[in-house]
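Below is one structure, written out as structure tokens; comments come after it.
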2 protein chains.
Amino acid sequence: MSITIYDIAKQAEVSIATVSRVFNDSGHVTAATRKRVLDVANQLGYHPRALAQSLARKKSKIITVIVPVISNYFFMEVLAGMQDKIAEYDYDLQIFNVKVAEDLLDQADHIIKRGWGEGYMAISVHLDDSSWEKLEKYDVPVVLLDEYYPGFSTISVDSIEGAYIATSHLLQQGYRSVGMICAKPDSKPVIDRVLGYRHAMQDSGIMVDPEMIVTGEDMERDGFTESNGYQAMTNLIRSDTPPEACFCASDIQALGAIKAMKDNNMRIPIIGFDDLEFSEYVGLSTMRQPMYDMGSLAIEKMVRQLEKTDTEPTHTIFTPDLVLRASSPDFAGISEESG
Amino acid sequence: MSITIYDIAKQAEVSIATVSRVFNDSGHVTAATRKRVLDVANQLGYHPRALAQSLARKKSKIITVIVPVISNYFFMEVLAGMQDKIAEYDYDLQIFNVKVAEDLLDQADHIIKRGWGEGYMAISVHLDDSSWEKLEKYDVPVVLLDEYYPGFSTISVDSIEGAYIATSHLLQQGYRSVGMICAKPDSKPVIDRVLGYRHAMQDSGIMVDPEMIVTGEDMERDGFTESNGYQAMTNLIRSDTPPEACFCASDIQALGAIKAMKDNNMRIPIIGFDDLEFSEYVGLSTMRQPMYDMGSLAIEKMVRQLEKTDTEPTHTIFTPDLVLRASSPDFAGISEESG
DNA sequence: CTGAAAGCGCTTACAG
DNA sequence: CTGAAAGCGCTTACAG
């Protein structure tokens, strides 16, 4: 039913090898035969099947992206960067979702063994070193995004440093009691951001009050949701000694936190983490993660590996930038803002 | 180097056919030989290559998604719905970006001919009927999302009706001068939304003032950006007779429009279109498009076609729901709100 | 420049 | 239940 290389070879009165050559610009084909083949192909609407080409060439020209099902804004902005960048190359993107569970390694293993891609990128997939080590054995190009492992090329953001910067800024403004809204406590980014927060507090000689580190009840998407932030801030407000300022593990939660403050008719300075597209318009101060650039860079690293330009893994660690907006006014400006 | 069905056949002392059967639970294989094969396979870390299976079976178990590069929130929420739904089935998602240009048909044609997927979904790809007709000839399952064409299954939202509802609501509140913020004028959704807006105005016996239909200068993503909305609202404000209320073609633009109002120290009721995740937290009234559900339904339709449950194209047209929030207070409440 | 043939790694009737 | 063989739709040395 669907037409193949044989059909057009027959009609053009050449061998299938010649047809193949025409479509690959490989080998030298006479202009005449080339035209004959192309004419027949056009007439019949022929186009080589990528599947068959991939098998024969042992190259699929596909880059497979592994992402946790909790697809959030972070992933989306990263993906946008990937999509724009990959358009420059002769590769295409295939996406596989994995469930965040104990058998995460098995799932990744399975995806790689299925062998669709020439290379694999994992976004926010967190495994321990021994797990990554197993995957390393397959000797296939892998780029990790939002994760670090020496054996693969990685792109990540220094969450500890970011949290430190945000918290320190608040402390420098003169606030002593700074709270933190976190998400799922055992999620990798949360662990790091809490750590940075603690460091900053300690470096300022302030005892960390465990009750100042809160999260909401809604644990969908690992707690990275507006509702979680809303709940968390509500908890903070209702505590005996509400903080004077707050560092929040993500912008999306900060959005909810701001709403909670509004609903409670109060306002304290808050700094988020991410810098999502809407953050600027909401006036949210935040630690900017260059998500789009990270996605773009990930593709570049992958292509360099695929084309053997890079032979050793490379590591890029971005330090997030503090972006100050209305949500964390200068200390002097507080009275005006908190109307 | 990488191990194949032959390797494990040899070691297990069976034919490759038997190995294949074990991995496909097809045919009856003795428990003993089955175990033997599986043991060897595990030991060698074997797993069938999807590429080869696809070629032999003439089925790739892949659903290909075609999306314009201007990937916006709409696409992202749709994709989330697709991802969650596809997890229930034995299919995987592959994404191809197309550039919105004259040769959009060629690009789609090319993607389909490459033949990766068993079925193709197009999100927000707008072509004329004769173009879709050409694609119909390939006789491969296609589902269109955010587009209508009789020959394929489609899922769309009634933009005209949605715009009509939003505008009518504003008019019923008592506003006479209602403006509209649109995006790229010749983009499909914009055309429809402007139409609905005009209908509503006309049905209320109000002359449509062309100057009341504005857009911003930034045409990235077809104008569906905050900055475009900001510019558009700024234009509206600066006009000789600013409107008393405003319908906006998208939430993302409405976000920018609200900021523009704030910066100009004024506020008129505004209703957006989409209901993005942040809209609730911003208090933006809007025409809700069930994007997630649309993505989910698209997968269902596709699978039904792939498994021959559906043999005829089906069409689902959602009418967007009016969701009222703080951005468009009741007429009575205006004085309080516009502080 | 062009063709015959082997091969990519599987599946699947067809026999037995 | 199991194997030999053809086939999926291409590519690519190897000859000529």
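Residue numbers begin at 1 in each chain, while the letters A, B, ... track the order of the sequences.
Taking atom CD1 of A/Ile8 as the reference point, atom C1' of D/dC10 lies 13 Å away to the nearest angstrom. As rounded to whole Å, 15 Å separates atom C1' of D/dG7 from atom CD1 of A/Ile5. Note: CD (B/Glu13) to P (D/dA4) measures 13 Å, nearest angstrom. Put simply, CD1 on B/Ile16 is 11 Å from P on D/dG3, counting in whole angstrom units. Atom CH2 of B/Trp116 and atom P of D/dG9 are 15 Å apart (whole Å). One atom, CG of B/Leu55, and another, P of C/dC8, lie 14 Å apart when rounded to the nearest Å. One can place NZ of B/Lys113 at 16 Å from C1' of D/dG9, the figure rounded to the nearest angstrom. The separation between B/Lys61 atom NZ and C/dT11 atom C1' is 15 Å, rounded to whole Å.
Under a 3.5 Å cut-off, the side chain of A/Thr30 and the backbone N or O of A/Ala32 do not form any donor-acceptor pair.
For B/Glu13, the side-chain hydrogen bond (donor to acceptor under 3.5 Å, both in side chains) test picks out no residue, with sequence neighbours left out.
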Please list every donor-acceptor pair under 3.5 Å in which a side-chain atom of residues 36-45 of chain B meets a protein atom from a residue at least two apart or in another chain.
| from | atom 1 | to | atom 2 | distance (Å) |
| --- | --- | --- | --- | --- |
| B/Arg36 | NH1 | B/Ala12 | O | 2.4 |
| B/Asp39 | OD2 | B/Lys35 | NZ | 2.7 |
| B/Asn42 | ND2 | B/Leu38 | O | 3.4 |

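Between the side chains of B/Glu147 and B/Ser156, no donor-acceptor pair of N or O atoms lies under 3.5 Å. With 3.5 Å as the limit, one finds a donor-acceptor pair spanning the side chains of A/Thr314 and A/Lys301. In summary, the side chains of B/Thr18 and B/Arg34 do not present any donor paired with an acceptor at a separation below 3.5 Å, with no hydrogens or angles considered.
Note on A/Thr30: a side-chain N or O is less than 4.0 Å away from OP1 or OP2 of C/dT2. Put simply, A/Ser20 has a side-chain N or O that comes within less than 4.0 Å of OP1 or OP2 on D/dT11. OP1 or OP2 of C/dG9 lies within a sub-4.0 Å distance of a side-chain N or O belonging to A/Lys58.
Set against D/dT2, C/dG9, C/dT12, the side chain of B/Val29 has D/dT2 as its closest nucleotide. Distance from the side chain of A/Arg57 is smallest for D/dT12 among the nucleotides D/dT12, D/dT2, C/dG3. Taking the side chain of A/Ser15 as heavy atoms from C-beta on, and the options C/dG3, D/dT12, C/dG9, the nearest nucleotide is C/dG3. Distance from the side chain of B/Arg49 is smallest for C/dC10 among the nucleotides C/dC8, C/dC10, C/dT2. Closest to the side chain of A/Thr18, out of C/dT2, C/dC10, D/dT12, is C/dT2.
Using a 4.0 Å heavy-atom distance criterion, B/Thr33 is classed as a sugar-phosphate-only contact. Looking at heavy-atom distances under 4.0 Å, B/Val19 makes no contact with the nucleic acid at all. When heavy atoms are screened at a 4.0 angstrom cut-off, B/Leu51 is found touching no nucleic acid atom at all.
Toward the 5' end of DNA chain D, the nearer of the two residues B/Ala17 and B/Ala52, judged by each one's closest nucleotide, is B/Ala17. Between A/Tyr6 and A/Val14, the residue anchored nearer the 5' end of DNA chain C, judged by the nucleotide with its closest heavy atom, is A/Val14.
Between A/Lys137 and A/Asp139 no salt bridge is recorded (no basic side-chain N to carboxylate O distance below 4.0 Å).
One donor-acceptor pair, N or O on each side, does fall under 3.5 Å between the base of D/dG3 and the side chain of B/Arg21.
For an aromatic pair to be called close, the ring centres must be under 6.0 Å apart, and A/Tyr138 with A/Tyr120 fails this.
For DNA chain C, the stems formed by at least three consecutive Watson-Crick or G-U pairs, with both atom-pair distances below 3.5 Å, span C:1-3 with D:14-16, C:5-12 with D:5-12, C:14-16 with D:1-3.
Nucleotides C/dA13 and C/dG9 place their P atoms 23 Å apart, quoted to the nearest Å.
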